[in-house]
Colleague: 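Please see the structure below; I have some questions.
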There are 2 protein chains.
Amino acid sequence: METRELRYFVAVAEELHFGRAAQRLGIAQPPLSRTISQLERRLGAVLLERTSRTVSLTEAGAVLLREARAALDAVEAAERRTRRAALAASGRAGAVLASKAGASSELLAKLLDSYAAEPDAVTIEVLLCGIGEQERLLRDGRADVALLHLPFDATAGLDTEELCTERQVAILPAGHPLTGRPHVHMAEVTGLPDLPMPRWPGRDGKYPDGPGPQARDHAQLLQLIALGRACWIAPESCRAQLRDDLVAVPVLDAPTVTTVIAWPPHSRSRAVAGLVRTATRL
Amino acid sequence: METRELRYFVAVAEELHFGRAAQRLGIAQPPLSRTISQLERRLGAVLLERTSRTVSLTEAGAVLLREARAALDAVEAAERRTRRAALAASGRAGAVLASKAGASSELLAKLLDSYAAEPDAVTIEVLLCGIGEQERLLRDGRADVALLHLPFDATAGLDTEELCTERQVAILPAGHPLTGRPHVHMAEVTGLPDLPMPRWPGRDGKYPDGPGPQARDHAQLLQLIALGRACWIAPESCRAQLRDDLVAVPVLDAPTVTTVIAWPPHSRSRAVAGLVRTATRL
DNA sequence: GCCCAGCGATACCGCAGGGGTATCGATCCC
DNA sequence: GGGATCGATACCCCTGCGGTATCGCTGGGC
């Protein structure tokens, strides 16, 4: 199977429409139809059920969609990592570290400082990204290593080392009645009708249903809390970055957050190994 | 990048010889040279250092070799799993489970029995394989799920669930002085000059250096022990399969062995999910 | 020191196959 | 029933992959 065939199939499987898929791929519809038929013949499996009005995935097609995405990610990763290795050899950027924007910035700063002091340190490019994006970045080679936060991020298929564990705090607008308390419980925070939890967009860019306001990033989130429209629960290390108009109160029964450093299991380059070693020594 | 290019590159990178690589690929040498040059030009990276006598990998080439193998495994897995899904849909085999030959056969039997009793059970094909082979089988799609034994097998890049933990026993020939003891310590077993540990072939098929006799599989191993030429340390569940001329003695300070069920993280099919669920309930 | 063997690169050719246009056949909607 | 929509088919062109012949370089043998 060639990656071209996989790319074509993924396009059709996602669009469920040969015409649109062909447009997306920048080719005409007939060669696309032909390629898919060839793929089906070679695999000995019907991948798509076509009536002349609708296209739908068969069981085997669903499997191939899942597997093809993974395989294409791996191919893309190979390409990106090779390019990066060539740059590294010629003295340019060494590795890319992905971290959630706004999270654990002090840990990140300490890590980068300590690593830079290592004798064989290379340049580390930092890629700040959205929630849950790190796994994809690692899989398709845009990043070599990432900081994840359990239990929020999935670590399936990644190698990890634990770095630190911390409790969580509730972020509330200054002046809210609860801010006078030395600590609170989950139920007291999640049950506030006037301060619901904001909703985050999922991977598809859509917001889940619910009562809370919509927030796209950290700045919006903090703004919403300051405006008295929402509250939030976050690792206590975020206290260092809090604005004056926000107050953090420890939540006694919130799950603790563990920050881990993660990398794709088979690709432990010198730069990644050095970063991991430095991180575990912090 | 097309898989054809990756296959070609891997062949050259492994042979470090264009002629032999071309032969292995079943093509002539010139198109191979051309394809590699094109690949290098497109990546903007020198992958191979050629003098007219020798070929060697550059840094970037080593990275691509590693990544290309992973990517090709993923593509192969996509192909195999799709074929299998098509067969499953037409009522044939449902999933392939890999397990070390001769290991934890009672657990395996219980698992297969319990799973078969599930309402939505499909046919499970069992693939008995050699030491350390399971990871590769899972990665390239020849197997969907495997039984692994920690700390011997690597679980990097796999999702796992623990099934059971057991102590280890020393396997000795009947009549050996230590067989009268209720238990022994590691040092007493590993230090026996007359009963060294057998050597196993690695992934490359070669035997490591050392004093012990060479063994290729379980039967040979047991035969060697019965002959008084070797001893072995194994999980205690293997007692059930022991021949009369062998004796198992608990080893107090041997590391415990944990059997886990493992599967590739992104591909949790219905059959795999069912097997895992059944296994954790045992 | 010269020549030959071995190896990768280059030049050139033929054709399989990937991509394009035109069109057909089927289905849904008004 | 006619038009619109969509995937499949027929046919053509040309890219690009693979083949053969050959070159250029290098190391080793005499």
Side-chain angles (χ1 to χ4, degrees), chain A residues 1-62 64-65 68 71-72 75 79 86, chain B residues 1-62 64-65 68 71-72 75 78-79:
Chain A
M1 269 198 313
E2 291 302 313
T3 60
R4 184 183 60 89
E5 301 174 295
L6 293 179
R7 275 192 298 270
Y8 285 14
F9 173 74
V10 169
V12 177
E14 284 179 355
E15 300 283 348
L16 290 178
H17 190 289
F18 280 75
R20 277 196 300 274
Q23 201 170 359
R24 193 172 112 185
L25 293 166
I27 64 170
Q29 170 258 319
L32 180 57
S33 288
R34 228 189 331 161
T35 302
I36 300 293
S37 314
Q38 279 173 10
L39 185 59
E40 287 181 313
R41 222 171 315 127
R42 233 179 310 170
L43 286 172
V46 180
L47 302 171
L48 297 162
E49 211 64 68
R50 307 96 147 139
T51 73
S52 75
R53 299 303 284 179
T54 66
V55 175
S56 61
L57 279 175
T58 63
E59 188 86 8
L64 183 58
L65 177 56
L72 289 175
V75 172
E79 193 162 340
Chain B
M1 272 198 311
E2 291 303 312
T3 62
R4 184 182 61 89
E5 301 175 295
L6 292 180
R7 276 192 297 270
Y8 285 13
F9 173 73
V10 168
V12 177
E14 283 178 357
E15 300 283 347
L16 291 178
H17 190 290
F18 280 75
R20 277 197 301 275
Q23 202 171 359
R24 193 172 112 184
L25 293 165
I27 64 170
Q29 171 258 320
L32 180 57
S33 288
R34 223 185 335 151
T35 303
I36 301 292
S37 313
Q38 279 172 10
L39 185 59
E40 287 181 314
R41 221 170 316 127
R42 234 180 311 170
L43 287 173
V46 180
L47 302 171
L48 298 162
E49 211 63 67
R50 309 92 146 143
T51 73
S52 75
R53 301 302 284 180
T54 66
V55 175
S56 61
L57 279 174
T58 63
E59 189 85 8
L64 183 58
L65 177 57
L72 289 175
V75 172
E79 193 162 341

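So that the names make sense, note that chain A is the first sequence line, chain B the second, and so on, each numbered from 1. Predicted model only: the values in this text are computed from it and were never measured.
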Colleague: If we ignore hydrogens and angles and just use 3.5 Å, is the side chain of Glu49(A) paired with the main-chain N or O of Ser56(A) as donor and acceptor?
Modeller: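 Here the side-chain-to-backbone pair does not exist.
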Colleague: First and last nucleotide of DNA chain D touching chain A, 5' to 3', heavy-atom cut-off 4.0 Å?
Modeller: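 Both ends considered, the range comes out as dT5(D) to dT9(D).
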Colleague: Considering all heavy atoms of both residues, which atom of Ser33(A) and which atom of Ser37(A) are nearest to each other, and what is their separation?
Modeller: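 Closest approach of Ser33(A) to Ser37(A): O-OG, 2.8 Å.
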Colleague: For Ala71(A), give me all partners under side chain to side chain contact (heavy atoms under 4.5 Å, CB included), at least two apart in sequence or on another chain.
Modeller: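 With neighbours one apart ignored, the set is Leu6(A), Ala74(B), Val75(B).
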Colleague: Using side-chain hydrogen bond (donor to acceptor under 3.5 Å, both in side chains) as the criterion, list what pairs up with Glu14(A), not counting sequence neighbours.
Modeller: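 Listed in chain order: Arg24(A), Arg69(A).
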Colleague: Please find the pair of heavy atoms, one from Leu32(A) and one from Phe18(A), that lie closest to each other, and give the distance.
Modeller: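 In terms of heavy atoms, the two residues are closest at CD2-O, 3.4 Å.
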Colleague: Rounded to 10°, tell me the angle between the two end axes of the helix from dG1(C)-dC30(D) to dC30(C)-dG1(D), each built from five pairs.
Modeller: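 End axes: 20° apart.
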Colleague: Might you list the N or O atoms of the protein lying below 3.5 Å from N or O atoms in nucleotides 26-30 of chain C, with each pair's distance?
Modeller:
residue, atom, partner, partner atom, Å
dT27(C), O4', Ser52(A), OG, 2.9
dC28(C), O4', Arg53(A), NE, 3.4

Colleague: Is atom CD of Glu59(B) surrounded by more than 12 heavy atoms (other residues, nucleotides or ligands) closer than 6.0 Å?
Modeller: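 No - once you tally the heavy atoms of other residues, nucleotides and ligands closer than 6.0 Å, there are 12 at most.
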Colleague: Got a sec? Which of residues 38-49 of chain B come in under 4.0 Å of DNA chain D, heavy atoms?
Modeller: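 Heavy-atom cutoff 4.0 Å gives Gln38(B).
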Colleague: With a 6.0 Å cut-off (strictly less than), is the heavy-atom count around CD of Gln23(B), excluding the residue itself, greater than 12?
Modeller: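 No.
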Colleague: Could you tell me which residues satisfy salt bridge (Lys or Arg N to Asp or Glu O under 4.0 Å) with Arg53(B), sequence neighbours excluded, listed by chain and number?
Modeller: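 Partners of Arg53(B) under the salt bridge (Lys or Arg N to Asp or Glu O under 4.0 Å) test: none.
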Colleague: For Leu48(B), does its backbone N or O pair with a side-chain atom of Glu40(B) as donor and acceptor, under 3.5 Å?
Modeller: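 Looks like yes, one N/O pair under 3.5 Å.
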Colleague: Between Tyr8(B) and Leu39(B), is any pair of side-chain heavy atoms under 4.5 Å apart?
Modeller: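 Not in contact.
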Colleague: Suppose we screen for side chain to side chain contact (heavy atoms under 4.5 Å, CB included). Which residues come up paired with Glu79(B), at least two apart in sequence or across chains?
Modeller: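 In terms of side chain to side chain contact (heavy atoms under 4.5 Å, CB included), with neighbours along the sequence ignored, Glu79(B) is linked to Met1(A), Leu43(A), Arg83(B).
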Colleague: Look at Arg4(A) and dG17(C) and indicate whether a side-chain polar atom (N or O) is within less than 4.0 Å of OP1 or OP2.
Modeller: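 Checking dG17(C) against Arg4(A), no side-chain N or O comes under 4.0 Å of OP1 or OP2.
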Colleague: Nearest 0.5 Å please: distance from the CZ atom of Phe9(B) over to the OG1 atom of Thr35(B).
Modeller: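 Phe9(B) atom CZ to Thr35(B) atom OG1 measures 13.0 Å (nearest 0.5 Å).
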Colleague: When you measure from every atom of DNA chain D, which of residues 8-29 of chain A have a heavy atom less than 4.0 Å away?
Modeller: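 Residues of residues 8-29 of chain A under 4.0 Å from DNA chain D: His17(A), Phe18(A), Gly19(A), Gln29(A).
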Colleague: By salt bridge (Lys or Arg N to Asp or Glu O under 4.0 Å), which residues pair with Arg7(A), not counting sequence neighbours?
Modeller: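 Residues passing salt bridge (Lys or Arg N to Asp or Glu O under 4.0 Å) with Arg7(A): Glu2(B).
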Colleague: Under 3.5 Å, which protein N or O atoms sit close to an N or O of nucleotides 13-15 of chain C? Give each pair with its distance.
Modeller:
none

Colleague: State, to 0.1 Å, how close Ala13(A) and Leu57(A) come at their nearest heavy-atom pair, and which atoms those are.
Modeller: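 Heavy atoms only, the tightest pair is CB-CD2, 3.8 Å.
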Colleague: Just grab all the salt bridge (charged side-chain N to carboxylate O under 4.0 Å, His left out) pairs involving residues 25-36 of chain A, residues at least two apart or on different chains.
Modeller: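 Output for this query is empty, none listed.
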